[in-house]
Amino acid sequence: MIAAWVGAVAVLVLFTVVAVLLRGSETGVYFRFADQVALVVLGLLIAGGVLLLARPRVRADAEGIEVRNILTTQRLSWQVVRRVAFPDGASWARLDLPDDEYMPVLAIQAVDGYRAVEGIARLRALHSAARSS
């Protein structure tokens, strides 16, 4: 989340600085005020896209799991989830579902190291407790 915020601020600052400096550059091209505003607006849109990377979240309880990825949120019962998996070489965890389908869990990523291991262990414990009852 911190990296997404830092990245978004850096993108916005970069686009704003470029927009300000373009007007005074001697490249032979004339940039108007509208061009500068458009560049800042473009920076805002890209920064917003970067902030979408901070959106993923997972919430789990005894009844089921709610997975919020970048654009979608889904709530599933533990009875639907066949397995909580983190395949070798994968960047993030996933929920194995019936019919060979799966749902990515972007909130638990390999780069999180030990926190990812703890998160998977807690999800697997909830899953096995719900499936055994």
Side-chain angles (χ1 to χ4, degrees):
M1 184 180 286
I2 293 170
W5 276 100
V6 169
V9 169
V11 165
L12 185 57
V13 167
L14 177 71
F15 272 74
T16 302
V17 167
V18 169
V20 170
L21 295 178
L22 276 179
R23 186 143 192 159
S25 71
E26 301 195 12
T27 61
V29 178
Y30 179 69
F31 289 95
R32 298 183 199 150
F33 180 73
D35 299 321
Q36 291 175 300
V37 171
L39 200 54
V40 172
V41 169
L42 183 61
L44 282 168
L45 291 173
I46 293 172
V50 169
L51 284 178
L52 283 176
L53 299 175
R55 191 172 185 274
R57 178 183 71 199
V58 64
R59 290 183 176 172
D61 55 27
E63 288 80 39
I65 183 168
E66 179 184 87
V67 177
R68 181 174 77 182
N69 287 325
I70 293 175
L71 297 176
T72 62
T73 302
Q74 292 183 341
R75 173 111 177 130
L76 299 172
S77 164
W78 284 123
Q79 303 308 317
V80 174
V81 177
R82 292 199 173 191
R83 183 171 75 120
V84 178
F86 208 123
D88 288 338
S91 297
W92 47 77
R94 72 184 202 186
L95 303 176
D96 289 340
L97 305 173
D99 299 327
D100 294 326
E101 293 184 16
Y102 68 89
M103 176 187 300
V105 181
L106 300 180
I108 302 176
Q109 297 193 8
V111 295
D112 292 336
Y114 187 68
R115 292 178 62 194
V117 172
E118 287 179 339
I120 284 292
R122 281 187 262 149
L123 286 179
R124 285 179 175 160
L126 283 168
H127 180 251
S128 83
R131 298 283 289 206
S132 64
S133 62

Any sub-3.5 Å donor-acceptor pair from [X]'s side-chain atoms to [Y]'s backbone N or O?
X    : Y    : answer
Q79  : A130 : yes
Q109 : S91  : no
H127 : V84  : no
N69  : L106 : yes

Minimum-distance pair of heavy atoms, taken over all atoms of F86 and I120: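 Closest approach of F86 to I120: CD1-CG1, 3.8 Å.
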If I compare all heavy atoms of L126 with all of A60, which pair ends up nearest, and what's the gap?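 For L126 and A60, the tightest heavy-atom pair comes out as CD1-CB, 3.6 Å.
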Does R131, at its CZ atom, have more than 12 non-hydrogen atoms belonging to other residues, nucleotides or ligands within less than 6.0 Å?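 Enclosed: over 12 neighbouring heavy atoms sit under 6.0 Å from CZ of R131.
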Between L97 and M103, is a side-chain contact (heavy atoms from CB on, under 4.5 Å) present by the stated rule, with each step listed? CA-CA 7 Å; L97 305 173; M103 176 187 300; 4.3 Å; yes
Spacing of R32 atom CZ and L22 atom CG [to the nearest 0.5 Å]: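 Those atoms lie 14.0 Å apart.
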What's the separation between atom CG in L12 and atom CG in L44, rounded to the nearest 0.5 Å?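 Atom-to-atom, L12:CG and L44:CG are 5.0 Å apart.
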Taking side chain as C-beta onward, heavy atoms only, is I65 less than 4.5 Å from W78?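 Contact flag for I65/W78 side chains = yes.
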Pair R75 + D61, salt bridge at N-O below 4.0 Å: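 The answer is yes: the pair qualifies as a salt bridge.
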Given R68 and Q74, is the side-chain contact (heavy atoms from CB on, under 4.5 Å) satisfied, shown in steps? CA-CA 6 Å; R68 181 174 77 182; Q74 292 183 341; over 6 Å; no
Determine, stepwise, if the pair L76 / V67 fulfils side-chain contact (heavy atoms from CB on, under 4.5 Å). CA-CA 8 Å; L76 299 172; V67 177; 5.9 Å; no
